[in-house]
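To keep things clear, I will list the structure first and then write my remarks on it.
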Amino acid sequence: MASVLIVYYSRGGHTAKITQAMAEHIRQQGRECDLFRIGEPSEINWDLYDSVAVGACVLYGTYDKSVFAFVNQYQQQLETKPNSFFSVNVVARNPEKRIPENNKYLQKFIELSAWKPKDVKVIAGKVDYPSWRWYDRWMIQLIMKMTDGPTDPKAVIDYTDWQDVNVYAEHLIGLAK
Ligand SMILES: Cc1cc2nc3c(=O)[nH]c(=O)nc-3n(C[C@H](O)[C@H](O)[C@H](O)COP(=O)(O)O)c2cc1C
């Protein structure tokens, strides 16, 4: 039976929610799926999995350093399996920026990571001003002002295309075959 591992980094919980939706969808298709949060103390038994995806949210134009540390440490294990990387960011609220070649954050990951993913995906994330610290809120409002995005400090907008998340989850099953 195809078994998929999804490794993720989430600051505010939205990337975690996306990975949970993927895992549920994969299990609904009768396949196995485990989630691993970067920073968890437990060990991964890589032998259990037929494909692996790594996903992370974008924070100030890049990814948490623990994401790069993880993919560098496990580069060999990642490379021996069908693999995929997905980037979660709000610039991707614009459909054009969901095309990997047009998403600078995805390109940045490929450039900075020792592991070069065989397959990539861009997923639009969530704006959640009320839950962000004043400094983050202020900075992101500034970025949004420059890119014609929402600036209302009360705005909570989920840009994720959940249907497409399911399609990607099925794609990960396909990679595992
Ligand atoms: C501190 C901070 C910085 C962010 N910087 C960017 C950014 O530079 N570009 C972008 O497109 N999205 C940026 N975002 C948006 C996040 O990528 C988006 O909210 C994502 O859904 C967060 O996922 P998480 O809840 O798993 O942390 C930022 C969010 C936060 C909180």
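When a ligand or atom number is given, it counts from 1 through the structure's own listing order.
A donor-acceptor distance shorter than 3.5 angstrom exists from the side chain of Asp50 to the backbone of Ser3, with no hydrogens or angles considered.
Residues in residues 125-139 take part in these side-chain hydrogen bond (donor to acceptor under 3.5 Å, both in side chains) pairs, two or more places apart or across chains: Tyr60-Asp136, Asp128-Ser131, Arg133-Asp136.
Between Asp164 and Lys121 there is a salt bridge, since a side-chain N of the basic residue sits under 4.0 Å from a carboxylate O of the acidic one.
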Could you check ligand 1 for N or O atoms lying under 3.5 Å from protein N or O atoms and list the pairs with distances?
unit_1: ligand 1; atom_1: 5 (N); unit_2: Tyr60; atom_2: N; d: 2.9
unit_1: ligand 1; atom_1: 8 (O); unit_2: Gly61; atom_2: N; d: 2.9
unit_1: ligand 1; atom_1: 9 (N); unit_2: Tyr105; atom_2: OH; d: 2.9
unit_1: ligand 1; atom_1: 11 (O); unit_2: Val90; atom_2: N; d: 3.1
unit_1: ligand 1; atom_1: 11 (O); unit_2: Val91; atom_2: N; d: 3.0
unit_1: ligand 1; atom_1: 12 (N); unit_2: Val90; atom_2: N; d: 3.4
unit_1: ligand 1; atom_1: 14 (N); unit_2: Val58; atom_2: O; d: 3.3
unit_1: ligand 1; atom_1: 17 (O); unit_2: Val58; atom_2: O; d: 2.8
unit_1: ligand 1; atom_1: 17 (O); unit_2: Val88; atom_2: O; d: 3.4
unit_1: ligand 1; atom_1: 19 (O); unit_2: Lys126; atom_2: O; d: 2.5
unit_1: ligand 1; atom_1: 21 (O); unit_2: Lys126; atom_2: N; d: 3.0
unit_1: ligand 1; atom_1: 23 (O); unit_2: Thr15; atom_2: OG1; d: 3.4
unit_1: ligand 1; atom_1: 25 (O); unit_2: Gly12; atom_2: N; d: 3.3
unit_1: ligand 1; atom_1: 25 (O); unit_2: Gly13; atom_2: N; d: 3.1
unit_1: ligand 1; atom_1: 25 (O); unit_2: His14; atom_2: N; d: 2.8
unit_1: ligand 1; atom_1: 26 (O); unit_2: Ser10; atom_2: OG; d: 2.6
unit_1: ligand 1; atom_1: 26 (O); unit_2: His14; atom_2: N; d: 3.3
unit_1: ligand 1; atom_1: 26 (O); unit_2: Thr15; atom_2: N; d: 2.8
unit_1: ligand 1; atom_1: 26 (O); unit_2: Thr15; atom_2: OG1; d: 2.7
unit_1: ligand 1; atom_1: 27 (O); unit_2: Arg11; atom_2: N; d: 2.9
unit_1: ligand 1; atom_1: 27 (O); unit_2: Gly12; atom_2: N; d: 2.7

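In the hydrophobic cluster analysis, where Ile, Leu, Val, Met, Phe, Trp and Tyr join through side-chain heavy atoms closer than 4.5 angstrom, Ile18 is grouped apart from Val120.
Considering Glu170, Arg31, Glu32 as possible partners of Ile26, the one that fulfils the side-chain contact (heavy atoms from CB on, under 4.5 Å) test is Arg31.
The distance between the ring centers of Tyr74 and Trp115 does not fall below 6.0 angstrom.
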